[in-house]
Student: 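Pasting a structure here, questions to come.
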2 protein chains.
Amino acid sequence: MPTYKYPRPSVTVDIVVFGYDGGAQLKLLLIKRGSEPYKGSWALPGGFVDMDETLETAALRELEEETGVKDLYVEQLYTYGAPDRDPRGRVISVAYFSLVNLQDHPAVAASDATKAEWFPTNELPDLAFDHADIIAAATKRLAAKVRYQPIGFELLPEEFTLGQLQHLYETVLNVEAFNKRNFRTRILRTGILEEVGRQKNVAHRPAVLYRFNETAYKKLAEERDGAVLRRALDFEI
Amino acid sequence: MPTYKYPRPSVTVDIVVFGYDGGAQLKLLLIKRGSEPYKGSWALPGGFVDMDETLETAALRELEEETGVKDLYVEQLYTYGAPDRDPRGRVISVAYFSLVNLQDHPAVAASDATKAEWFPTNELPDLAFDHADIIAAATKRLAAKVRYQPIGFELLPEEFTLGQLQHLYETVLNVEAFNKRNFRTRILRTGILEEVGRQKNVAHRPAVLYRFNETAYKKLAEERDGAVLRRALDFEI
DNA sequence: ACAAAAGTGTTATGCATACACCCATGG
DNA sequence: CCATGGGTGTATGCATAACACTTTTGT
């Protein structure tokens, strides 16, 4: 039993994983808590950070232990440290954020007693701790991220149609259909998509299938970094 | 002496404060460490989080204790948790980020034995811990932030000229002068500036003085949020 | 009169937006 | 032959970017 000169908080990680399956809503991965506090409530996957692992490692480990979902890209979201956010005492939680497509990450095997489930983002249950706040922050981050990064990289399967991509954007931004012509023009103009074939056996004109070209994307990102220097402020907000 | 069932990390905060005084370089507030580890090295202001204060409160408290600088807006930057980042053991640090103008925050009174000093960002000394990484991340955040928020709010004095504002942008983005005509047109078109008078006693045509109009800014921000919904993706990166 | 910085007029270019239309496939 | 979603042509207006120019002050 370790003893310290001064009291110390506990440190946890929580992970917000958004999943997409082509439907009308994004989904969110939650677990049912098997122990107190908030036993029986739904919560974000997560848990205590071990002393010899990085925060990101802890996030990925807890996620796999609790939901079976693994092999994904995560980015740090925000750290929550209100003194009263956990009834067990001072617990500071580093929240992580991830995007996956549900085809590649369907597994929701609960390794211990807890259940794990994908919930449509518009039908979330009551959540333990301040996890509703964390999810709200993640949703905001996603809406911001979509503006400057092609989130389809993570949320869509390897090959997809422009219709699917547009549908994803409409879902994430929560809007009715925006103009098809302009969406296509803009996204194709960037050059980050490459054709890989055509749909088969669909009851309409078969769509061209595309794949993200990561090389082209990185090149575009570099050019844009240079352009910022000339264009400077946008004050888009 | 508190005893826990499992070992716990220590949690600290570090604060990156950028200051501007109209010069060619932004400045950064550092302290000279008065105790081990890294005694005598320069480092970011910061310290251990108390058990009953929020993270932001801890950041503001430590900043004032170590540098005398207070009354500023801070935002959370990133949390650093590599197991070996501190020789004292496992120390997880939540980094904060702030912008101030040096006229209003000149105070660099060292309340305890440590010294505090503003360093030009291109002449930084060697830094303790992973603080160089933290500063690099803060610099990146600033360059990104400048694109969608009017950072002049924090970095410039209450009243300023368009020349000063442009100079600030050139400094932050680290570029040679960009086109004056277009800078003026774009920024005035947003409507977030209001005239408040004219310069006096300058050896050239006196410039109009402006002040940020926070109401107009908020209105602009809202309109922009709406516009995102229609315009959708920009893929600017 | 001159230096120094503020401030303006004007143009081409390209992008965003809107609207109307045609195409290919399975049932 | 029709429902369904895929895909294209094009006119309009507006913001960006570039360049050359005028104005006002103190010394």
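Quick note on labels: first sequence line is chain A, next is B, and so on, each numbered from 1. These values consider heavy atoms only, across backbone and side chains, with no hydrogens, waters or symmetry-generated copies.
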Student: Over the length of the helix from C:dA1-D:dT27 to C:dG27-D:dC1, how much do the five-pair end axes diverge, rounded to 10 degrees?
Tutor: 10°
Student: Please produce a list of atom pairs where a protein N or O lies less than 3.5 Å from an N or O of nucleotides 20-27 of chain D.
Tutor:
{"unit_1": "D:dT23", "atom_1": "O4'", "unit_2": "B:Arg205", "atom_2": "NH1", "d": "3.4"}
{"unit_1": "D:dT23", "atom_1": "O2", "unit_2": "B:Arg205", "atom_2": "NH1", "d": "3.1"}
{"unit_1": "D:dT24", "atom_1": "O2", "unit_2": "B:Arg205", "atom_2": "N", "d": "2.7"}
{"unit_1": "D:dT25", "atom_1": "O2", "unit_2": "B:Ala203", "atom_2": "O", "d": "3.4"}
{"unit_1": "D:dT25", "atom_1": "O2", "unit_2": "B:His204", "atom_2": "N", "d": "3.1"}

Student: Among A:Glu159, A:His204, A:Arg205, which residue satisfies the side-chain contact (heavy atoms from CB on, under 4.5 Å) criterion with A:Gln199?
Tutor: A:His204
Student: Roughly, in whole Å, what's the span from CZ in A:Arg184 to P in C:dA18?
Tutor: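 Atom-to-atom, A:Arg184 to C:dA18, this comes out as 18 Å.
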Student: Nearest of C:dA18, C:dT17, C:dG7 to any side-chain atom of A:Arg186?
Tutor: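 For A:Arg186, the side-chain atoms sit closest to C:dT17.
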Student: Expressed as a whole number of angstroms, how long is the span from A:Asn179:CG to C:dA16:P?
Tutor: 12 Å
Student: Under 4.0 Å, heavy atoms only, any strand: does B:Arg189 hit a base, just the sugar-phosphate, or nothing?
Tutor: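 Sugar-phosphate, no base atom in range.
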Student: For the residue pair A:Trp42 and A:Phe119, categorise the inter-ring angle as parallel (less than 30°), tilted (30 to 60°) or perpendicular (more than 60°).
Tutor: perpendicular
Student: Side chains of residues 127-136 of chain A: which donor-acceptor pairs under 3.5 Å do they make with residues two or more places apart or in other chains?
Tutor:
{"unit_1": "A:Asp130", "atom_1": "OD1", "unit_2": "A:Arg85", "atom_2": "NE", "d": "3.4"}
{"unit_1": "A:Asp130", "atom_1": "OD1", "unit_2": "A:Arg85", "atom_2": "NH2", "d": "2.9"}
{"unit_1": "A:Asp130", "atom_1": "OD2", "unit_2": "A:Arg85", "atom_2": "NE", "d": "2.8"}
{"unit_1": "A:His131", "atom_1": "ND1", "unit_2": "A:Leu44", "atom_2": "N", "d": "3.0"}

Student: Check whether the side chains of A:Thr185 and A:Arg181 place a donor and an acceptor atom closer than 3.5 Å, and report yes or no.
Tutor: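 Yes - a donor-acceptor pair under 3.5 Å links their side chains.
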Student: Is the ring pair B:Phe153/B:Phe212 parallel, tilted or perpendicular, if the boundaries are 30 and 60 degrees?
Tutor: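 Ring orientation of B:Phe153 relative to B:Phe212: parallel.
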Student: Roughly, in whole Å, what's the span from CG in B:Leu162 to P in C:dT8?
Tutor: 9 Å
Student: Under the rule for ring pair (Phe, Tyr, Trp, His ring centres under 6.0 Å), what residues qualify as partners of B:Tyr20, not counting sequence neighbours?
Tutor: none
Student: Could you state the OH-C1' distance from B:Tyr210 to C:dA6, rounded to the nearest angstrom?
Tutor: 10 Å
Student: Please report, rounded to the nearest Å, how far the P atom of C:dG26 is from the CD atom of A:Gln199.
Tutor: 11 Å
Student: State which residue, out of B:Phe97, B:Trp118, B:Tyr96, fulfils the side-chain contact (heavy atoms from CB on, under 4.5 Å) condition with B:Val17.
Tutor: B:Trp118
Student: Between A:Asn182 and A:Leu209, which residue's closest nucleotide on DNA chain D lies nearer the 5′ terminus?
Tutor: A:Leu209
Student: Which residues pass the ring pair (Phe, Tyr, Trp, His ring centres under 6.0 Å) test with A:Tyr80, sequence neighbours left out?
Tutor: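 By the ring pair (Phe, Tyr, Trp, His ring centres under 6.0 Å) rule, A:Tyr80 matches A:Tyr78.
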Student: Could you state the CD-C1' distance from B:Gln166 to C:dG7, rounded to the nearest angstrom?
Tutor: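 To the nearest whole Å, that distance equals 12 Å.
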Student: Using salt bridge (Lys or Arg N to Asp or Glu O under 4.0 Å) as the criterion, list what pairs up with A:Arg61, not counting sequence neighbours.
Tutor: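 So A:Arg61 forms a salt bridge (Lys or Arg N to Asp or Glu O under 4.0 Å) with A:Asp50, A:Glu53, A:Glu65.
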Student: Round to a whole Å and report the spacing from CZ of B:Phe178 to C1' of D:dT16.
Tutor: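 Rounded to the whole Å, the gap is 14 Å.
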